[in-house]
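Let me begin by presenting the structure, written as structure tokens, before commenting on it.
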Amino acid sequence: MINKNIFLIGMMGSWKSTIGKKLAHNMEMKFVDTDDAIEKIMSMKINEIFNEFGEHRFREMESSYFIEKSKNKGYLFSTGGGIVLNKNNRNVLSNTGITILLEASIDELKRRIKNTSKRPLLSNLNNIEEELENIWEKRKRFYYSSADYIVKTDNLTPKIVLSKIIGECKFSWILHISICK
Ligand code: S3P
């Protein structure tokens, strides 16, 4: 078990939650999914929060929760795709733990995202691909600059991505060297 936090970042559909749960289990870390935590605190679904309070307020809730929770150690965080939009969140990602970017092409993300009801930024759109592309273009510099490790996930299964992370990265974290960057 490592006495740090691990943060999974990436676009919607990049498998942050799927991989995060399994990785936390493997690393014997406590698991937090920021979206699930906010839904629980608010007793509302993410799309209801967006409808009722708007995106800006959601981002404030996300950031307050994330910054406070990250003061604890030994947690694996699956973050919401927009976590990198806030500068204070980026400081936490860059300075307080190990940040892994799960990267996937727009085609792959589109294939994976079946349900947009949990993703208000994509619901009611005819062209999800175009919006994913816009979002990626706006955020990619933040994703890249926040990441200690980048794991490409196209054409893989969650199981293979997990073993890739564990196989290539685990020892480098423990030894504090970047063999899998
Ligand atoms: C968002 C991603 C979602 C959720 C919200 C906004 C984003 O989380 O936080 O719908 O801005 O990319 P996932 O990345 O887990 O889908």
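The chain is numbered in sequence order, starting from 1. In listed order, ligands and their atoms are each counted from 1.
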Atom 5 (C) of ligand 1: nearest protein contact (heavy atom, Å): I46 CG2, 4.0 Å

Please determine, by modelled atom types, if N134 and E131 share a side-chain donor-acceptor pair under 3.5 angstrom. yes

Could you tell me whether the side chains of S78 and D33 share a donor-acceptor contact shorter than 3.5 Å? no

Of all the non-hydrogen atoms in the protein, which one sits nearest to atom 15 (O) of ligand 1, and at what distance? D35 OD2, 3.2 Å

Testing the 3.5 Å rule here: is there a donor-acceptor pair between the side chains of S70 and N5? no

Is the shortest N/O to N/O distance between R119 and ligand 1 below 3.5 Å? yes

Under the side-chain contact (heavy atoms from CB on, under 4.5 Å) test against V84, which residue among L93, T79, N89 passes? L93

Classify the contact between R139 and ligand 1 as side chain, backbone, both or neither, using a heavy-atom distance cut-off of under 4.0 Å. side chain

Is any N or O atom of F58, backbone or side chain, closer than 3.5 Å to an N or O atom of ligand 1? no

Which residue and atom name correspond to the protein heavy atom nearest atom 10 (O) of ligand 1, and how close is it? P120 CD, 3.4 Å

If the plane angle is over 60° it's perpendicular, under 30° parallel, otherwise tilted; pick one for F77 and F7. tilted

Heavy-atom nearest pair, R112 first then T153, reads NH2-OG1, 2.9 Å

Under 4.0 Å from one or more heavy atoms of G82, ligand 1 contributes atoms 7 (C), 11 (O), 12 (O)

How does L121 reach ligand 1, if at all, at less than 4.0 Å between non-hydrogen atoms: by side chain, backbone, both, or neither? side chain

Taking only heavy atoms of G80, which atoms of ligand 1 are found under 4.0 Å from at least one of them? 8 (O), 9 (O), 14 (O)

Run down the list E62, K16, E55, R59 and name the one with the heavy atom closest to atom 6 (C) of ligand 1. R59

State, to 0.1 Å, how close A104 and L109 come at their nearest heavy-atom pair, and which atoms those are. CB-CD2, 3.7 Å

